[in-house]
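Everything below concerns the one structure shown next.
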Amino acid sequence: MLRDNQRYPKGYWKIWLILAGRGFGKTTAAAYNIGNLIKENKIKSLALVANTIFEARQVMLEKIIEYHFLEKDFFKKTVTALRKILKRI
């Protein structure tokens, strides 16, 4: 589903910046790549930078959940709990 230029770069990176215009697929690329890193236990912490907490929650976290975890029964309870926490923010 991702194009090659949307995939996480090979090697070890502490920071990954996608500097692109509208329609590039920045949100999709980030959601897929971050979700994969989480599933593979390759990251211990993560910073999502957005203009508002609403954007961070609605756009970033919801996309990660949607692309990776929502369809799997194992994660449904975790997703529900996470959404309840996010609604309080």
Item checked: Nearest heavy atoms of Gly11 and Trp13, plus distance in Å -> O-CD1, 3.6 Å
Checklist line | Non-hydrogen atoms of Ala56 and Ala50 that approach each other most closely | finding: N-CB, 3.7 Å
Notebook entry, point to check: Nearest heavy-atom pair of Ala29 and Leu2: which atoms, and what distance?
Noted result: CA-CD2, 3.9 Å
Next item on the list: Using the side chain to side chain donor-acceptor pair (under 3.5 Å) rule, collect all pairs that involve residues 1-10, keeping only residues at least two apart or in two chains.
Entry: Arg3-Asn5
Note to self: Thr28: which residues meet the side-chain hydrogen bond (donor to acceptor under 3.5 Å, both in side chains) condition with it, sequence neighbours left out?
What the structure shows: Tyr67
Next item on the list: To the nearest 0.5 angstrom, please state how far the CZ atom of Phe24 sits from the CG atom of Leu19.
Entry: 10.0 Å
Margin query: I'd like to check the side chain to side chain contact (heavy atoms under 4.5 Å, CB included) partners of Gln58; sequence neighbours left out, ordered by chain and number.
Written below: Phe54
